[in-house]
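Working notes, beginning with the structure itself.
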Amino acid sequence: MSFDLSVIPHKNIVLAVTGGIAAYKSAILVRRLKDYGFDVRVVMTHGAQAFITPLTFQALSGNPVHTELLDPAAEAGMGHIELARWADLLLVAPASCDTLAKFANGLADDLLSTVFLATKSPVWVAPAMNQQMWAAKATQRNLQTLVEDGVHVIMPDAGEQACGDVGLGRMPEPEEIARQVAGYFHQAQRAIAEKFGLLAGKRVVITAGPTREAIDPVRYISNHSTGKMGFALAAACYAAGAQVTLIAGPVSLDTPNGVQRVNVASARQMLDVSMSSLETGCDIFIATAAVADYRVAEVAEHKIKKAGDELNVSLVKNPDIVATIADQEKRPFMVGFAAETQNVEEYAAGKLVAKKLDMIACNDVSRADIGFASDENAMTVFFAESYHMKKRELEKASKQEISQQLVEAISDALRRK
Ligand code: C5P
């Protein structure tokens, strides 16, 4: 699983590289950490510099590399105390036997060991060494001490080693280490969102994308909806602490982190899944799907053969999903969307009442710069009369930012309920 950290505030990683052949993997680790959006500063021990140069890390991290404790020039810039404070996480990879021993015993005779003692941030070590050194009693004793001191150990992999031995002691691949670090911040953020987020404790169900109505086994009726708005909203609701179920028509989008996705094709399938979501629990229902208004009356069992100049297909009306859910006795807070090309506000306000919604977000799809396949959107949100706030304008912004504003609007309305 990968982690989208775009919703997580910027984080700083001090990556400490110590002396071991696995140091070459740390160059790639810098890249992978930066891929997740972390700011990375590299500290190198003297041993590490025998394997790889500071210049490599400077180029990859985009920051000066820190190597000396007692260098007046270096300490005048970002010295050991500043580095220790700057770090949201100190990651030591590879962590040599010597470094583990220093950490376990509180030695402070170089830059890394002083940063370790001076930081309040979590410390992670990824030991990498010869399998015999890993198994040595002293190493295991030091590791035990570090674990008791609250240091997190990324266990080494087993396998063939650079020295020719086979056994435990290989540093895990950089992708895996970066993924674990990102996962840690993701979990930490999640715990905060679930407690304090605008939608903390809420169960949200979102319909998204088009529906696909079969004509015969190979043909269908559909529309151009990409599902981007619904997917962005799912991510925003999750980031706000909600448990999110995304009922998606056929779209080619990745499922946002933490979101439970159910794929459907037709409007009737979308309705079935929506109805059963009420049974499992739903506090907020958001209908962004572009549901096909009609479906083919009789789906042909076999592929329809070419014959004659005309082909008539009879259509029947599809159920209105959002209106059906809003009609249930134990109905959730209902949010609809309206895409209009004229009299935008009038039509949207009409749908708010007709479909018994609590809130409707509408946009003008006659504007070429927003809506449907576009990455940006601008909207006007209308609330049902009982909320005593008639409407709210959402300025043109990315679908992510609009989603955030919609989450705020939903949360405001819920507080007034
Ligand atoms: O009536 P119209 O299609 O313009 O209404 C749009 C709103 O109703 C959207 O929120 C859409 O997801 C929802 N809808 C629905 N089921 C339908 C048609 C629309 O849930 N069959």
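Order of appearance sets the numbers: ligands from 1, and atoms from 1 within every ligand. Side-chain atoms are counted along with the backbone in the values below, which use heavy atoms only and exclude waters and symmetry mates.
Among Lys390, Lys351, Lys391, the one residue that satisfies the salt bridge (Lys or Arg N to Asp or Glu O under 4.0 Å) test with Glu345 is Lys391.
Under a 3.5 Å cut-off, the side chain of Asn318 and the backbone N or O of Ala292 do form a donor-acceptor pair. A donor-acceptor distance shorter than 3.5 angstrom exists from the side chain of Thr18 to the backbone of Ser96, with no hydrogens or angles considered. With hydrogens and angles ignored, the 3.5 Å screen pairs a side-chain donor or acceptor of Glu82 with a backbone N or O of Gly79. Between the Arg190 side chain and the Tyr238 main chain, a donor and an acceptor come within less than 3.5 Å of each other. For the pair Ser61 (side chain) and Arg41 (backbone), a donor-acceptor distance under 3.5 Å is absent.
Below 4.0 Å from some heavy atom of Val322 lie the following atoms of ligand 1, by number and element: 8 (O), 13 (C), 15 (C), 20 (O). Listed by number with element, the atoms of ligand 1 under 4.0 angstrom from any heavy atom of Gly336 are 10 (O).
By heavy-atom distance, the residue among Cys362, Ala354, Pro319 lying nearest atom 21 (N) of ligand 1 is Pro319. Between Thr207, Thr211, Val291, it is Val291 that holds the heavy atom closest to atom 18 (C) of ligand 1.
Close N/O approach between Ala290 and ligand 1 is not found [any backbone or side-chain N/O within under 3.5 Å]. For ligand 1, the polar-atom distance check finds no N/O of Asp293 at less than 3.5 Å from any of the ligand's N/O atoms.
In this structure, atom 12 (O) of ligand 1 lies nearest to the protein heavy atom Ala289 O, 2.7 Å. At the top of the distance list for atom 5 (O) of ligand 1, counting protein heavy atoms only, stands Lys355 NZ, 2.9 Å. What sits closest to atom 4 (O) of ligand 1 on the protein, heavy atoms only, is Lys351 NZ, 2.4 Å. Remark: minimum distance from atom 16 (N) of ligand 1 to any protein heavy atom is reached at Ile321 N, 2.9 Å. The protein heavy atom nearest to atom 6 (C) of ligand 1 is Phe337 O, 2.9 Å. In this structure, atom 10 (O) of ligand 1 lies nearest to the protein heavy atom Ala287 O, 2.6 Å.
Ligand 1 is never approached by Met270 to a heavy-atom distance shorter than 4.0 Å. Ligand 1 has Asp320 within reach: a non-hydrogen atom of the residue lies less than 4.0 Å from it. Under a 4.0 angstrom heavy-atom cut-off, Ala338 registers as lying outside contact with ligand 1.
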(request) Run the numbers on Phe38 and Phe185 for ring-ring contact (aromatic ring centres under 6.0 Å, His included), then give the verdict. (result) CA-CA 11 Å; Phe38 294 117; Phe185 284 109; 5.5 Å; yes
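Taking the centre and axis of the six-membered ring of Tyr387, the NZ or CZ atom of Arg416 falls outside the cone set by 45° and 6.0 Å. Figure legend: Arg179 and Tyr36 shown without cation-pi pairing, the cationic atom not lying both under 6.0 angstrom from the six-membered ring centre and within 45 degrees of its axis.
In this structure, Arg219 and Val313 have side chains that are not in contact, with every pair of non-hydrogen atoms separated by 4.5 Å or more.
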